[in-house]
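Structure first, commentary second.
Note that the numbering runs from 1 along the sequence shown for the chain. Because only heavy atoms are used, hydrogens play no part in the values below, and waters and symmetry mates are left out as well, while side chains stay in. Just so you know, ligand 1 is whichever comes first in the structure, and atom 1 is the first atom listed for that ligand.
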Amino acid sequence: MATNKKPGNWRKRTLAVRGGQVRSPFQETSEALYLTSGYAYEAAEEAEARFKGEIGGYQYSRFGNPTISMFEERMALLEGAPVARATATGMAAVSAVFLSSLKTGDHVVAARAMFGSCLHVVEQILPRFGITHTLVDGADTAQWEAAMRPETRLLFLETPSNPTLSLVDIAAVAKIAEKGGARLAVDNAFATPALQRPMEFGAHIVIHSSTKYIDGQGRALGGVVLCHEDFLEDHLQVFLRNTGPSISPFNAWLHLKSLETLDLRMRQHCENALRVAGFLAGHKKVTRVLYPFRPDHPQHNLARAQMDGGGGVVTFDVSGGKAAAFRLADALKLIDISNNLGDSKSLMTHPETTTHSKVAPEARASLGITSGTLRISVGLEDADDLCEDLDQALKVA
Ligand SMILES: *Cc1c(COP(=O)(O)O)cnc(C)c1O
């Protein structure tokens with residue numbers, strides 16, 4: 001391994017392009033893809049020394065891999081985090097944070113508005129190990145405070161949340177965690193480090209599904225945990241090494257290279273989303289539009305304070321309930337019907353019957369999801385084409 005240029009005081013856009021790069025003796029300009037499971041040693045003595053940790057170097061790709069390390073280092077630089085570990089999926093990252101650090105008797109406080117599989121981990125899997133939880137309305141800081149117990153170890157939230165784009169005041173919840181001797185973990189998949197860096201507001205752990213905007217083109221699954229050295233040493237490292245939710249070097253390479261255009265892409269996602277939200281807000285068949293950077297969003301000031309852009313997701317209600325929502329979706333000629341998000345292609349989903357179909361009706365209602373709610377992951381197409389497609393589909397609805 002040669003010429004590892006040092007970041008020094010490089011700015012974020014430079015870090016996104018060059019941060020973490022380690023060149024091989026071939027001096028390749030683009031980061032190399034090391035598709036290898038194992039590593040050879042010059043001598044038995046070297047193998048012994050590496051296993052003892054006396055010298056650095058890779059041993060096995062479940063523990064570490066040069067391509068994966070470059071992705072981790074670049075993510076850490078972008079989030080302003082001391083260390084990062086990549087995982088096979090976003091859910092592997094979420095599960096690793098919970099299962100590596102919690103034990104029987106511990107308590108978790110989490111915002112009710114969270115990704116469906118995260119809710120499953122908290123409500124179904126953790127209780128089997130005697131780990132209890134309290135779900136709160138994430139936007140209400142007093143509820144976080146009231147839910148704290150002496151045995152609370154982890155606070156978990158997603159902001160903006162899926163699909164109603166409600167926000168949580170990261171700094172306020174981080175203070176509550178700190179006071180209670182617990183850690184705050186933030187799922188930053190919707191905003192990405194291009195728009196929001198939770199550690200700047202006191203979060204202890206940041207979690208990503210890099211499947212979404214970091215890949216940005218709907219190709220490969222991946223996840224990342226960003227944390228401090230003590231969490232890595234005391235909990236995460238040994239858990240990841242021995243349970244094995246490792247990312248493929250190929251997927252890590254895709255996501256590493258995608259970071260080079262993350263900032264550009266996120267700015268265009270935001271610009272397109274704001275345009276689409278504006279178009280929808282002016283349409284007579286649309287009864288509600290949710291987008292953090294619109295002045296009519298109930299937490300607009302908080303959005304401006306902790307985000308650099310509103311993100312690529314717009315959620316709205318069409319009058320006429322499920323039938324009208326389905327007619328609209330079925331009439332789309334450009335935007336695809338898909339529950340994924342963060343793709344360069346615009347995607348629309350009906351949360352009630354897809355992503356949130358397993359959530360109890362009362363819980364769905366409390367999250368603000370109605371039969372007429374539709375979520376658009378606004379892509380990178382021309383915003384005029386997206387608005388025209390929605391316009392013709394709204395006529396059918
Ligand atoms: C997609 C998503 C996840 C899960 O990520 P996978 O890569 O699909 O495992 C977790 N949180 C949020 C907010 C997501 O959007």
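- For atom 7 (O) of ligand 1, the closest heavy atom belonging to the protein is Thr211 OG1, 2.6 Å.
- With a 6.0 Å cutoff to the six-membered ring centre and a 45° limit on the axis angle, Arg288 does not count as a cation-pi contact of Phe316.
- The shortest N/O to N/O separation between Gly90 and ligand 1 falls below 3.5 Å.
- Ion pairing between a basic and an acidic side chain is recognised when a charged N comes within 4.0 Å of a carboxylate O; Glu31 and Lys257 show such pairing.
- By the 4.0 Å heavy-atom criterion, Asn162 is excluded from the residues contacting ligand 1.
- The protein non-hydrogen atom at the shortest distance from atom 2 (C) of ligand 1 is Lys212 NZ, 2.5 Å.
- Remark: distances from the non-hydrogen atoms of Gly222 to ligand 1 include one below 4.0 Å.
- A donor-acceptor pair shorter than 3.5 Å cannot be found between the side chains of Ser37 and Ser61.
- Under 4.0 Å is where a charged nitrogen must lie from a carboxylate oxygen, and between Asp343 and Arg219 no such pair does.
- Using a 30° and 60° split on the angle between ring planes, Phe231 and His235 fall in the tilted class, from 30° to 60°.
- When heavy-atom distances to ligand 1 are checked against a 4.0 Å cut-off, Glu158 comes that close only through its side chain, counted from C-beta outward.
- Within the 4.5 Å cutoff, the side chain of Tyr34 has no heavy atoms near those of the Ile68 side chain.
- Between Met91 and ligand 1, a contact under 3.5 Å exists for at least one N or O pair.
- Of all protein heavy atoms, the one closest to atom 12 (C) of ligand 1 is Asp187 OD2, 3.4 Å.
- Between the choices Phe115, Phe190, Tyr213, the shortest heavy-atom distance to atom 3 (C) of ligand 1 belongs to Phe115.
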